[in-house]
K.L.:
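First the structure, then my questions, so here it is.
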Number of protein chains: 2
Amino acid sequence: MSPIPTAEARALRVAVADDAVLFREGLTRLLTEAGFAVTAAVGDAGALLASVAADPPDVAVVDIRMPPTHTTEGLEAARALRERHPGTGVLVLSAHVETGYALQLVDGGTTGAGYLLKERVADLAELRDAVRRVAAGGVVVDPGVVATLVGRRRVHSPLDALSEREREVLAVMAEGRSNQAIGEQLFLSQKTVEAYVRSVFTKLGLHQAADDNRRVLAVLAFLRH
Amino acid sequence: MSPIPTAEARALRVAVADDAVLFREGLTRLLTEAGFAVTAAVGDAGALLASVAADPPDVAVVDIRMPPTHTTEGLEAARALRERHPGTGVLVLSAHVETGYALQLVDGGTTGAGYLLKERVADLAELRDAVRRVAAGGVVVDPGVVATLVGRRRVHSPLDALSEREREVLAVMAEGRSNQAIGEQLFLSQKTVEAYVRSVFTKLGLHQAADDNRRVLAVLAFLRH
DNA sequence: CTGCGGTACCGGGTTGACCCTGTACCCCCG
DNA sequence: CGGGGGTACAGGGTCAACCCGGTACCGCAG
């Protein structure tokens, strides 16, 4: 294409990791066009770690969801990267809001990291700036993520009111297990399980009503997160 | 049913619609690189329809999820496009498997349409071929989608074994209602509701076990579709 | 230091969710 | 025409899932 030398004396080196070929290749073109040198474009976390070890870039742009489990390999890889190669910045791309990592970013006094939502990147300049700032040791977090984080503080889900143990009981309950099985799994007596179940109901605002099966309602609330 | 031109006398004209800037711009670069002329790159269904009306391309590549509701605007736009501009092929891109549209594609004796999964496109040649075949009036469906469609025919969900009434009872049960409320809502006696609930359990293969709460398990099975 | 919330347990009670058996009517298929 | 499946109901039983009240220990914030 047209590798335009910008203000940089040397182009920033970027590695791209995303299992979707279309997105990965498209992103590679966009980064190249924006003046970065794409040193690697890989499809899974293992290949990313290998390529960074072999030829450390300034920034790794990583999708969260990757093979084999398609859940949070990208996050694991990002963590590993930050430990083994502190000199390489990590810019995580996510399809949806995953507050967990974003929180870790803010909490840990981190440098050289970022978290953007794929769909929220408004223009190419935003991407270019994010990569540059991460390369320079800055922290970039999508404003949409920040908003939901702040918002969630106020509009707290009723599940937040549950204690650790109550949440554990509810989690097993949501797998369709009986009180007896919950007790066996969490090493609790029947009576204690019953007490926790009742506590969960009251904290979720589920009062005794002839029309409701509160156990199912609690499970539904749990599944809604 | 037309012959596919391998060496194009004129470049095929393609319009791209996707609300995510990164993906849209990346895709635009890839299509251009593959020898297509991208006539428009827009971010919502309305803009797509307008641009196709103003300057009809050979193929429109459309993402399903777009503003404002971020659900299936892309599908609506695809339908509208096929009615108003039969000469323009429509290649739908989806993030996840949405069997509905894929089925319509196969059923309707359609020509010049396609359905690909963003993440399943293995290489750029696959995309290029898909666009060409849709432009030539062919039908392209992602093999993964075909597999799940065919698979779903054979590996029928246990829910298929339920009768109409049993499914209705289960549906109300899945809203967290008690047997009493189910009876009131469906105009059934308590005893009849109980009979249906038991019938649902047996048909779903949920036998009495001290470790399970079958009501919750049945609801979970129902929610999994 | 007092009190509150979380954790953990018990005895004793009620009831809704389940079990089985049996009846009845309908429709459709072989 | 008999039988299987769906729909609908009742009697009569068991038990897991709930209720309440009470005890106990811990840590921590006021």
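Here is the naming used below: chain letters follow the sequence lines, and residue numbers restart at 1 for every chain. When reading the values below, keep in mind they use all heavy atoms of this one structure, side chains included, and skip hydrogens, waters and symmetry mates. Note that the coordinates shown come from a computational prediction; the quantities given were computed from them, not determined experimentally.
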K.L.:
With a 4.0 Å heavy-atom cut-off, tell me which residues in residues 168-176 of chain A come close to DNA chain D, sorted by residue number.
P.N.:
none

K.L.:
Output one letter per nucleotide in nucleotides 25-30 of chain C: B when a protein non-hydrogen atom lies under 4.0 Å from the base, S when only the sugar-phosphate is that close, - when neither is.
P.N.:
------

K.L.:
Taking the side chain from B/T192 and the backbone from B/L188, do they hold a donor-acceptor pair closer than 3.5 Å?
P.N.:
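Not at all, since once roles are kept as given, no pair shorter than 3.5 Å links the two residues.
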
K.L.:
Taking CG from B/N179 and C1' from D/dA16, how many angstroms apart are they, rounded to a whole number?
P.N.:
14 Å

K.L.:
Verify, without hydrogens or angle tests, whether B/Q185 (side chain) and B/I182 (backbone) share a donor-acceptor contact under 3.5 angstrom.
P.N.:
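No, B/Q185 side chain to B/I182 backbone: no donor-acceptor pair under 3.5 Å.
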
K.L.:
Short question: side chain of B/R82, backbone of B/G87 - any donor-acceptor pair under 3.5 Å?
P.N.:
no

K.L.:
Going by an N to O cut-off under 4.0 Å, is there a salt bridge joining A/D55 and A/R13?
P.N.:
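A salt bridge is present here (some side-chain N lies under 4.0 Å from a carboxylate O).
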
K.L.:
Checking B/E83 side chain against B/A80 main chain: does a donor-acceptor pair fall under 3.5 Å?
P.N.:
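Such a contact is absent between B/E83 side chain and B/A80 backbone.
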
K.L.:
Give me the stems containing DNA chain C, sorted by first residue, counting only three or more consecutive Watson-Crick or G-U pairs with both distances under 3.5 Å; say none if there aren't any.
P.N.:
C:1-30 with D:1-30

K.L.:
Please give me the minimum heavy-atom distance between A/V42 and A/A47, naming the atom from each residue.
P.N.:
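Here A/V42 and A/A47 meet closest at CB-CB, 3.7 Å.
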
K.L.:
Mind listing the residues from residues 214-223 of chain B sitting with a heavy atom below 4.0 Å of DNA chain D? Number order is fine.
P.N.:
none

K.L.:
Which whole-number value in Å describes the distance from A/E164 CD to C/dG5 P?
P.N.:
18 Å

K.L.:
Can you tell if the side chain of A/D63 reaches within under 4.5 Å of the side chain of A/D19, non-hydrogen atoms only?
P.N.:
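In short, these two side chains touch, coming nearer than 4.5 Å.
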
K.L.:
Exactly one of A/V134, A/V61, A/V141, A/I64 should register a side-chain contact (heavy atoms from CB on, under 4.5 Å) with A/V92. Which one does?
P.N.:
A/I64

K.L.:
With nearest nucleotides of DNA chain C determined for A/S163 and B/Q208 from heavy-atom distances, which residue corresponds to the more 5′ nucleotide?
P.N.:
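Nearer the 5' end of the strand: A/S163.
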
K.L.:
side-chain contact (heavy atoms from CB on, under 4.5 Å) with A/T88: which of A/V52, A/V59, A/D58?
P.N.:
A/V52

K.L.:
Could you run through nucleotides 8-13 of chain C and give me one letter per nucleotide, 5' to 3': B if any protein heavy atom sits under 4.0 Å from the base, S if only the sugar-phosphate is that close, - if neither?
P.N.:
SBBBB-

K.L.:
Find the distance A/D211:CG to C/dA17:P and express it as a whole number of Å.
P.N.:
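After rounding, the gap between these two atoms is 10 Å.
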
K.L.:
Under the side chain to side chain donor-acceptor pair (under 3.5 Å) test, which residues partner A/D18, sequence neighbours left out?
P.N.:
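Scan of A/D18 (side chain to side chain donor-acceptor pair (under 3.5 Å), adjacent residues dropped) gives A/K118.
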
K.L.:
Would you say the side-chain atoms of A/E25 pair up with the backbone N or O of A/V21, donor to acceptor, closer than 3.5 Å?
P.N.:
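Judged by distance alone, no pair lies under 3.5 Å.
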
K.L.:
Rounded to whole angstroms, how far apart are CG on B/L206 and P on C/dA17?
P.N.:
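After rounding, the reported distance stands at 17 Å.
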
K.L.:
Rounded to whole Å, how long is the line connecting atom NE2 of B/H207 with atom C1' of C/dC18?
P.N.:
16 Å

K.L.:
Is B/S94 reaching over with its side chain to a backbone N or O of B/L117, donor-acceptor style, under 3.5 angstrom?
P.N.:
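No.
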
K.L.:
Between C/dC18 atom P and B/Q180 atom CD, what is the distance in whole Å?
P.N.:
14 Å

K.L.:
Counting only side-chain heavy atoms from C-beta out, which of C/dG6, C/dA17, D/dA17 sits nearest to A/S178?
P.N.:
D/dA17

K.L.:
Between B/L220 and A/L223, does a side-chain contact (heavy atoms from CB on, under 4.5 Å) hold up when you go through it step by step?
P.N.:
CA-CA 10 Å; B/L220 292 176; A/L223 294 178; 3.6 Å; yes

K.L.:
To the nearest 0.5 Å, tell me how far A/R128 CZ sits from A/D123 CG.
P.N.:
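With rounding to 0.5 Å, CZ (A/R128) is 8.5 Å from CG (A/D123).
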
K.L.:
Look at B/K203 and D/dG5 and indicate whether a side-chain polar atom (N or O) is within less than 4.0 Å of OP1 or OP2.
P.N.:
no

K.L.:
May I have the distance from A/N213 (atom CG) to C/dG16 (atom P), rounded to whole angstrom?
P.N.:
12 Å

K.L.:
Keeping A/R167 on the side-chain end and A/L162 on the backbone end, is there a donor-acceptor pair under 3.5 Å?
P.N.:
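At least one qualifying donor-acceptor pair exists.
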
K.L.:
Please check if the side chain of B/D212 supplies one atom and the backbone of B/R214 the other of a donor-acceptor pair under 3.5 Å.
P.N.:
no

